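Below is one structure, written out as structure tokens; the observations come after it.
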Amino acid sequence: MKNLIPYLFITLTYITISCSNENIDGDDPIGEIIPDQPENVITTPCDFDLSNIAANTTIVIDCVLDLGGETITLPPNVTFEFEGGDIVGDGTLVFSGGSIDGRLLSKVLTIEGDVQLIDPTFRFYSLRWDIVEGRTTSEIALKNNAELERLMFYTKELGATTFEIGRFDAFFEVTKVTSTTSDQNFRPSLEAINIPSDFHLKMSDDTNLRIFPGESGTKGGSILAVRDVENATISGGTLFGDRDQRVYSPADEGLEGSHLFTIRSGRNIVIDGLKFIEGSAGSININSFGFSFNPDYNPTNGVIIRNCEFVNSRRMAIVLTDGRDILIEGNSFVNAGQPSSNSDGGEVGYAINIEPDRFRDDNGVLMERQRAFDITIRKNTETGSRGGFITATIGQDITIEDNDIGTRAVYSLVSDTRIINNRFQASGIGTESWAIFAAGGTESETIFNNEIAGNTIDGYRLGITTGTKDVFVHDNIITNCGLGIQMTKTIDSRFIDNVINVSGNGIAATNTFNNNIEVSGNEVTSGSFHVYFAQLNNSDEHRNNTLTVENNTFLNINAVILSSTNGVTFTGNDVLGDVQVGNAYNVEVSLNIIKPNESDGIRLFGANTSVSILNNTISEPTGASRFECINNNSDNPDAVTLTGNTCM
């Protein structure tokens with residue numbers, strides 16, 4: 001062909017911009033930057049022009065085509081294939097149908113008209129675009145932010161469904177308001193790098209996206225976001241927070257900082273295999289537009305977070321305030337909420353925080369601004385969190401299953417929530433605290449049908465503690481703990497078929513009330529008391545409360561203590577040890593098999609009222625002759641009913 005555009009021999013030389021050290025205090029967090037090299041390696045000028053290209057032509061770019069600043073209008077259905085060359089010269093190609101290889105796109109080529117990429121996978125190279133890697137200024141980091149977002153939407157318009165990033169390391173400014181209108185409100189998900197719908201951002205192990213350090217007092221911010229988006233996948237790569245680079249204000253109450261990823265009204269979103277490092281407010285923030293009771297409510301629906309690593313997140317790793325159909329699976333969480341060299345751990349301190357907002361209106365009606373339900377958290381590992389693994393404050397249908405947990409799990413005002421088949425192995429705070437806490441109190445109508453089952457708990461000061469209603473605690477194995485199960489202000493609940501082997505009390509309830517409680521089928525080996533109930537249901541308002549301890553097996557020589565206790569029925573148990581009842585009211589001890597060792601079988605003491613000892617089978621006590629099968633040493637012995645007991 002005859003040349004339309006004159007050509008010069010072009011050698012493509014790319015220069016990495018180096019900025020002054022005044023922009024980020026301290027040591028360089030990333031070291032030397034070696035940009036990923038584009039595949040455009042041929043430097044020979046093309047020997048053809050585009051002046052008489054026919055329709056439906058395929059042009060192979062195995063040379064450097066210089067457009068010389070011209071705008072070239074192409075005939076219909078022209079295809080540009082890539083064979084190692086390039087298109088340069090700050091020109092424009094106007095298509096009428098046709099296609100182009102994404103490796104030919106760059107900041108010096110403008111594409112207009114009707115055109116699609118040959119391959120829907122676009123490979124990003126920073127050297128071909130207006131993005132600066134390495135240490136830089138806030139201004140340039142802000143441009144990085146806008147440019148990377150623009151490129152994803154630009155390539156999507158050209159038909160890209162996958163945006164691949166290889167070796168890449170750059171800072172992004174995400175705490176500045178970019179609106180040019182009168183609206184200067186800061187919106188973290190808007191100022192982040194937004195990812196379009198029906199799109200896969202595919203990063204490599206060498207892809208590092210970093211938050212430019214925030215200024216004192218700034219809250220919010222996020223490197224990446226999906227905002228009213230559907231069918232987006234984000235995989236691979238590492239997101240670095242500014243936890244130890246930013247400045248915190250003296251007034252910070254643990255709320256300052258930025259997240260690394262925000263999902264706001266996302267639908268069918270997958271986050272797979274990312275690393276989240278040192279988020280200054282946390283790592284992932286999941287929320288929605290609008291309030292659930294308003295017509296403009298746009299809930300997040302269908303999120304999968306899997307195979308990710310969360311390391312040294314301040315405050316928390318994942319916060320969920322609004323969303324449904326959420327799966328958090330196969331991730332690792334390390335040291336959430338722990339202090340660092342530059343910051344305290346912030347508020348919360350749990351790896352996962354589920355906390356939608358609600359209130360009561362002037363008529364006392366519960367109104368849910370946000371909702372969180374249908375959530376599954378499984379096959380994750382967690383160690384070293386300051387507060388614990390998960391706190392589910394409010395929500396419905398939450399399953400916490402098959403996780404390896406080093407600290408704690410707690411729920412509060414939830415329903416249909418299950419903590420099941422997890423492995424709790426105490427480390428850090430766990431060795432001085434409880435493994436599972438069913439909290440929330442007994443008043444809220446939103447607490448019901450919750451379950452704690454099939455967990456193995458090892459090495460904690462306390463295995464399971466409850467202060468709630470309508471919880472079913474069953475088939476857990478609690479070993480090497482200080483105390484097994486503690487019931488405090490708990491009603492309408494069951495504790496069944498648990499195995500407890502602890503150095504302290506097996507099952508305890510002290511200085512509290514419990515009502516409509518069933519404790520049955522448990523196997524207890526204790527280093528102190530098998531059952532220790534003291535100061536239980538003692539107030540007038542709790543006089544009609546009931547608690548049944550039935551058909552349990554107590555395996556070693558220790559006592560069951562019912563002291564200053566009201567409303568307890570202890571029946572059908574197999575006790576290797578003794579039973580002591582004192583200062584009790586409305587207590588029944590019946591149909592038990594009791595095998596004392598150097599103690600009375602049943603000892604009564606103090607002032608008892610309405611206490612019945614019925615149809616128990618008691619072995620002759622071993623040890624001193626003073627021990628009796630039943631020793632009624634009550635202050636008022638005639639107030640105790642003794643009927644049908646057998647001493648063998």
Side-chain angles (χ1 to χ4, degrees), residues 350-351 381-391 400-411 418-439 450-468 471-490 493-512 514 517 519-534 536 549 552-561 573 575-577:
Y350 280 77
T381 62
E382 178 271 340
T383 57
S385 298
R386 187 185 84 244
F389 172 51
I390 179 168
T391 173
I400 303 158
E401 179 179 16
D402 195 18
N403 300 284
D404 288 289
I405 301 169
T407 58
R408 314 186 295 185
V410 57
Y411 75 73
R418 295 157 293 279
I419 302 176
I420 57 175
N421 303 324
N422 301 283
R423 294 160 296 279
F424 288 81
Q425 180 62 59
S427 63
I429 191 175
T431 61
E432 299 298 323
S433 185
W434 38 264
I436 302 174
F437 185 13
N450 298 311
E451 181 181 15
I452 299 171
N455 303 285
T456 59
I457 299 171
D458 188 283
Y460 290 78
R461 175 171 288 183
L462 169 57
I464 298 172
T465 182
T466 62
T468 189
V471 59
F472 184 20
V473 180
H474 66 96
D475 294 291
N476 301 283
I477 299 174
I478 303 172
T479 57
N480 299 317
C481 294
L483 192 155
I485 294 175
Q486 176 175 278
M487 300 174 292
T488 302
K489 298 181 181 178
T490 299
S493 297
R494 295 170 292 163
F495 300 79
I496 297 176
D497 295 337
N498 301 285
V499 175
I500 301 170
N501 189 338
V502 295
S503 61
N505 298 329
I507 300 171
T510 60
N511 299 299
T512 188
N514 293 295
I517 302 295
V519 180
S520 66
N522 302 286
E523 182 181 288
V524 179
T525 303
S526 66
S528 184
F529 299 111
H530 297 311
V531 174
Y532 186 70
F533 293 166
L536 174 63
V549 181
N552 301 280
T553 302
F554 301 102
L555 291 175
N556 62 335
I557 302 297
N558 276 309
V560 172
I561 301 292
N573 301 286
V575 182
L576 184 59

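Source: prediction; values computed, not measured.
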Listed by chain and number, what are the ring pair (Phe, Tyr, Trp, His ring centres under 6.0 Å) partners of Phe437, not counting sequence neighbours?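 Testing Phe437 for ring pair (Phe, Tyr, Trp, His ring centres under 6.0 Å), a comparison that skips the adjacent residues, returns Trp434.
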Contacts of [X] that satisfy side-chain hydrogen bond (donor to acceptor under 3.5 Å, both in side chains) - sequence neighbours left out:
X: Thr383; result: none
X: Asn480; result: Asp458
X: Thr525; result: none
X: Thr468; result: none

Is there a side chain to side chain contact (heavy atoms under 4.5 Å, CB included) between Leu483 and Tyr532? Walk through the geometry before answering. CA-CA 11 Å; Leu483 192 155; Tyr532 186 70; over 6 Å; no
Taking distance alone, no hydrogens or angles, what donor-acceptor pairs closer than 3.5 Å link side-chain atoms of residues 497-507 to residues at least two apart or in another chain?
unit_1	atom_1	unit_2	atom_2	d
Asn498	OD1	Asp475	N	3.3
Asn498	OD1	Asn476	N	3.0
Asn498	OD1	Asn476	ND2	2.9
Asn498	ND2	Val473	O	3.2
Asn498	ND2	Ile496	O	3.4
Asn498	ND2	Asn522	OD1	2.9
Ser503	OG	Cys481	O	3.3
Asn505	OD1	Ser528	OG	3.1
Asn505	OD1	Phe529	N	3.1

Side chain to side chain contact (heavy atoms under 4.5 Å, CB included) partners for [X], two or more places apart:
X: Asn403; answer: Ile377, Asn380, Phe389, Ile400, Ile405, Asn422
X: Thr431; answer: Ala426
X: Ile517; answer: Met487, Thr490, Ser493, Phe495, Asn514, Val519, Leu547

With no hydrogens and no angle check, is any side-chain donor or acceptor of [X] less than 3.5 Å from a backbone partner on [Y]?
X: Asn573; Y: Phe554; result: no
X: His530; Y: Asn556; result: yes
X: Glu382; Y: Thr407; result: yes
X: Tyr411; Y: Ile436; result: no

Taking it one step at a time, do Glu523 and Leu555 satisfy side chain to side chain contact (heavy atoms under 4.5 Å, CB included)? CA-CA 7 Å; Glu523 182 181 288; Leu555 291 175; 3.4 Å; yes
Answer whether the closest heavy-atom distance between the side chains of Thr456 and Gln425 falls below 4.5 Å.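 No, every pair of side-chain atoms sits at 4.5 Å or beyond.
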Working to the nearest 0.5 Å, report the span between CD of Gln486 and OG1 of Thr466.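 The OG1 atom of Thr466 is 8.0 Å from CD of Gln486, to the nearest 0.5 Å.
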Calculate, to the nearest 0.5 Å, the distance between atoms CZ and CG belonging to Phe472 and Asn450 respectively. 12.5 Å
All salt bridge (Lys or Arg N to Asp or Glu O under 4.0 Å) counterparts of Arg418, not counting sequence neighbours: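 Counting only residues at least two positions away or on another chain, Arg418 forms a salt bridge (Lys or Arg N to Asp or Glu O under 4.0 Å) with Asp397.
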Arg461: salt bridge (Lys or Arg N to Asp or Glu O under 4.0 Å) partners, not counting sequence neighbours: Glu432
Passing candidate, side chain to side chain contact (heavy atoms under 4.5 Å, CB included) with Ile457, options Thr479, Leu462, Ile478, Ile477: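 Filter result, single survivor: Ile478.
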